[in-house]
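Okay, so here's the structure we're looking at.
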Amino acid sequence: QGQLVESGGGLVQAGGSLRLSCSASRRTISNYYMGWFRQAPGKEREFVAAISRTGGNTDHADSVKGRFTISRDNAKNTVYLQMNSLKPEDTAVYYCAAQAGDHYSDYYTSRDEYNYWGRGTQVTVSS
């Protein structure tokens, strides 16, 4: 089966930026709704952002709206999460998720709706 591989995490100071990437091997992501989730120590995995198959529709958690932007390049089989104005509370492991979908304009925001997950990339924001 194809894998999802996240990259781009690291250590950054508050106010800084990072861009996460999620690439898929042996899976054509244009057929999938894609999402980003994050999990901080001792907390539940939470929704961050989601994007429809064509990229025309997106959704972002209230906590990241105006700071984070999800996008996709189906030709490169890659989904991105641009993170600006990072805060210490953004510190978490960030996971990419995929789920096959029939509708070009839909996306999922619940982790229970995704069947395919990457292993995550650590983002640490220092104050």
Side-chain angles (χ1 to χ4, degrees):
Q1 291 202 350
Q3 288 185 317
L4 299 175
V5 179
E6 302 94 338
S7 62
L11 173 64
V12 64
Q13 287 188 331
S17 298
L18 286 172
R19 188 177 80 155
L20 305 184
S21 299
C22 171
S23 60
S25 62
R26 292 178 290 173
R27 195 183 299 280
T28 303
I29 69 163
S30 60
N31 297 326
Y32 292 81
Y33 309 145
M34 301 295 295
W36 285 97
F37 291 76
R38 67 186 182 186
Q39 188 167 17
K43 293 189 176 181
E44 296 284 321
R45 190 171 299 189
E46 65 176 4
F47 168 73
V48 175
I51 190 166
S52 60
R53 286 176 55 185
T54 61
N57 289 333
T58 63
D59 194 12
H60 297 78
D62 288 342
S63 59
V64 306
K65 276 182 182 175
R67 301 188 298 122
F68 292 10
T69 304
I70 188 171
S71 62
R72 66 192 296 161
D73 186 339
N74 288 341
K76 295 183 177 180
N77 229 28
T78 302
V79 176
Y80 304 98
L81 184 68
Q82 178 66 45
M83 305 187 297
N84 299 327
S85 302
L86 282 160
K87 304 176 181 180
E89 51 263 44
D90 295 319
T91 295
V93 177
Y94 283 71
Y95 297 91
C96 176
Q99 178 58 38
D102 295 329
H103 304 290
Y104 290 112
S105 60
D106 287 351
Y107 51 80
Y108 292 146
T109 60
S110 170
R111 65 187 185 190
D112 294 334
E113 293 172 305
Y114 288 91
N115 283 332
Y116 305 104
W117 293 85
R119 294 187 176 184
T121 185
Q122 176 71 47
V123 172
T124 303
V125 184
S126 63
S127 57

Hey, does [Y] have a side-chain heavy atom less than 4.5 Å from the side chain of [X]?
| X | Y | answer |
| --- | --- | --- |
| Lys76 | Ser21 | no |
| Glu6 | Leu20 | no |
| Ile51 | Tyr107 | no |
| Ile29 | Asn74 | yes |
| Val64 | Met83 | no |
| Phe68 | Trp36 | no |

In terms of hydrophobic clustering (I, L, V, M, F, W, Y; side-chain heavy atoms under 4.5 Å; direct or indirect links), are Val48 and Tyr116 co-clustered?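 Yes.
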Quick one: do Tyr94 and Tyr80 end up in the same hydrophobic cluster if we chain Ile, Leu, Val, Met, Phe, Trp and Tyr together by side-chain heavy atoms under 4.5 Å apart?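 Tyr94 does not cluster with Tyr80.
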Spacing of [atom1] belonging to [X] relative to [atom2] belonging to [Y], to within rounding of 0.5 Å:
| X | Y | atom1 | atom2 | result |
| --- | --- | --- | --- | --- |
| Arg45 | Asp112 | CZ | CG | 11.0 Å |
| Cys22 | Asn77 | SG | CG | 9.0 Å |
| Thr121 | Leu81 | OG1 | CG | 11.0 Å |
| Ile70 | Met34 | CD1 | CE | 7.5 Å |

Do the side chain of Glu46 and the main chain of Arg38 share a donor and acceptor less than 3.5 angstrom apart?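 No, because the side chain of Glu46 does not come within donor-acceptor range (under 3.5 Å) of the backbone of Arg38.
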Considering non-hydrogen atoms only, spot the tightest contact between Thr54 and Arg72 and give its length.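 So the two residues come closest at C-CD, 4.3 Å.
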Verdict with reasoning, Gln13 to Leu86, per side chain to side chain contact (heavy atoms under 4.5 Å, CB included): CA-CA 8 Å; Gln13 287 188 331; Leu86 282 160; over 6 Å; no
Remaining members of the apolar cluster that contains Trp117, side-chain heavy atoms under 4.5 Å: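 Its cluster mates, by chain and number, are Tyr33, Phe37, Phe47, Val93, Tyr95, Tyr108, Tyr114.
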Under the side chain to side chain contact (heavy atoms under 4.5 Å, CB included) rule, what do Val125 and Lys87 come out as? Steps first, then yes or no, please. CA-CA 6 Å; Val125 184; Lys87 304 176 181 180; 5.5 Å; no
